[in-house]
Amino acid sequence: MKAVSTTTILPDWMSDIGDQVLFMGTFARNIFKSGFEWNELIRQCYIIGYKSIGLVGITGFILGFVMTLQSVPTMKEFGAVSFVPSMVAISVIREIGPVIIALTCSGKIASSIGAELGSMKVTEQIDAMEVSGANPIQYLVVTRIIACTLMVPLLTLLADFLALGGGFLGSNIGGHFSLILYFNKAFHSLAFTDLLPSVIKTIFFGFAIGFVGCYKGYNSGSGTESVGVAANSAVVSASLWVIVLDAIAAQLTTILAYN
Amino acid sequence: MADERPIPNDTNKRETADTKGDQEPVIKIEHLKKSFGSKEVLKDASMVLHEGENLVVLGRSGQGKSVAIKCIAGLLQQDEGTCNVYGQEVKDLSETELRELRKKIGFLFQSAALYDSMTVGENLAFPLTRVLKMTDESEIQKLVEEMLDNVGLKEAIDKMPSDLSGGMRKRIGLARTLIMKPQIMLYDEPTTGLDPITSKEISQLILDMQKKYKTSSIIITHDMLCAKITSDRMLVLNDGSFIAEGTYDELENSDNELVRSFFK
Ligand SMILES: Nc1ncnc2c1ncn2[C@@H]1O[C@H](COP(=O)(O)OP(=O)(O)OP(=O)(O)O)[C@@H](O)[C@H]1O
Ligand SMILES: [Mg+2]
């Protein structure tokens, strides 16, 4: 079943990438197999999505709030306070929201998936599933990756919206805007071309978070300390992937938007 | 290694010296070698398991008993030698073939390996719905309750594994494996950590499984009472290979000091 070990010939990071590609293939092959685990998918969406609302919501709200508080004085100097809502809206929705939320989710979701699957591996639960003739990839991995891919974009949209709310509160402290004026200005500045690439981007972020969490957990070593290692390296790699994907997405949108 | 074997179920042509009677063995391991890093765990292990037989494996801690049965179930792959189950080399099976084979094999983990995000009832129902693809809720419920009754833990059905004692977990693990009515059972220390009364009951259960479903079993144990009750034949694993074979009585009176010391 396993491919010939390449670890002896290649440096660690290379064979790690090779293993990730193989794992991706295993994942892809198992998505369309019969017996999709709908119930488990829903349970994972609840755990990954619903249970992160608090953290993500607060992060988003404070993000908008702080950005506004910080920028109002500077904008005042230029006499451009009326631009604050658009500035916050564009920067949060295009860039800062997706990235900050994806990094938050790397910390919360990738680590918990990594730790959960890691401990299932260490306590032989995954082996038990496999040896019973069931399909642990289908039950554990496919559901979690899909749930992340669905939930991270939704969480980001929620956070974006709350960030605008936080932004309103921030600017309202100085009494600059009414609620309607604020949201008018914010939404007016936004084009569909701001929202769509950012949502697509977050779908990839979600996938990366779920994939890395599952990969690290599923392939953790034996022994209790590997659970910690799996959780930790899941966070590190997921964050790295988010940053790299964001850079790629920025390049792509620039090329697509200006050509 | 190079085992030319065109038709796996062709039984009458193959009568090697180590097959008992005219039956092909269920499991046949030859010159099995397995190392982890520089540590050689199995060096030259050979054994057979016959149809309907209870084979007890003794051996000191860390001698590779668990490793050997993991090779049989395809969880580990040997470095050298062959590991045949129903005439198929486990190592060479495709993913689908291996899954098919595993439906016939029950594996009780030393650590019980209960799924700790599920209740006891869900643990037992998991292989029924996922592997046997059963859909009838009431039938599943009936089987689960019946099996839990067999291991004397009917009242634990809605508990989470984390709320169970070590011995209870072991029994639930056993129930989860036996519910599939496997043709081959690999028991990794089924009675370790159980009180003498329960452990006798479990040994009896193993015997019942053998009688009722003609299960062929490998039973790894340190519990000599369990070995006495269940064994048809016994093997001793030491230093990477099987050093002694015989019935309980034969090994108890063996010339080998080490073998005899298990019985004291
Ligand atoms: N996955 C693994 N990676 C590295 N070493 C391993 C692995 N599994 C087992 N070993 C090593 O193989 C040796 C044999 O282990 P095994 O679990 O088979 O012992 P055992 O005979 O079952 O002992 P016990 O009676 O204590 O269960 C041990 O030294 C162990 O450290
Ligand atoms: Mg063992």
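Below, chain A is the first sequence line, B the second, and so on; all start at residue 1.
- Applying the 6.0 Å contact sphere to CG of B/D136 captures more than 12 heavy atoms from other residues, nucleotides or ligands.
- Within a 6.0 Å sphere centred on NZ of A/K33, other residues, nucleotides and ligands contribute more than 12 heavy atoms.
- Other residues, nucleotides and ligands place no more than 12 heavy atoms under 6.0 Å from the OH atom of A/Y50.
- The heavy-atom pair separating B/L75 from A/E130 by the smallest distance is CD2-OE2, 4.1 Å.
- Side-chain atoms of B/R130 and A/M129, non-hydrogen and from C-beta on, never get closer than 4.5 Å to each other.
- Between B/Y115 and A/S132 the shortest heavy-atom distance is OH-OG, 4.4 Å.
- Contacts between B/K104 and chain A at a heavy-atom distance below 4.5 Å are absent for every atom of the residue.
- In terms of heavy atoms, B/R99 sits closest to A/N135 at NH1-ND2, 3.5 Å.
- Comparing B/G173, B/A112, B/A113 by heavy-atom pairs within less than 4.5 Å of chain A, the highest count is held by B/A113.
- The environment of A/R43 atom CZ is dense: over 12 non-hydrogen atoms of other residues, nucleotides or ligands sit within 6.0 angstrom.
- Looking at every heavy atom in both residues, A/A134 comes nearest to B/F126 through CB-CE2, 3.7 Å.
- Using a 4.5 Å cut-off between heavy atoms, A/Q138 does not touch chain B at all.
- The most heavy-atom pairs under 4.5 Å with chain A, out of B/P127, B/S111, B/A73, come from B/S111.
- Within 6.0 Å of CZ in A/F23 there are more than 12 heavy atoms belonging to other residues, nucleotides or ligands.
- Looking only at side-chain heavy atoms (C-beta outward), B/F109 and A/V131 come within less than 4.5 Å of each other.
- Of all heavy-atom pairs between A/Q125 and B/D116, the closest is NE2-OD2, 2.9 Å.
- The contact between B/L114 and chain A is made entirely by backbone atoms, counting heavy-atom distances below 4.5 Å.
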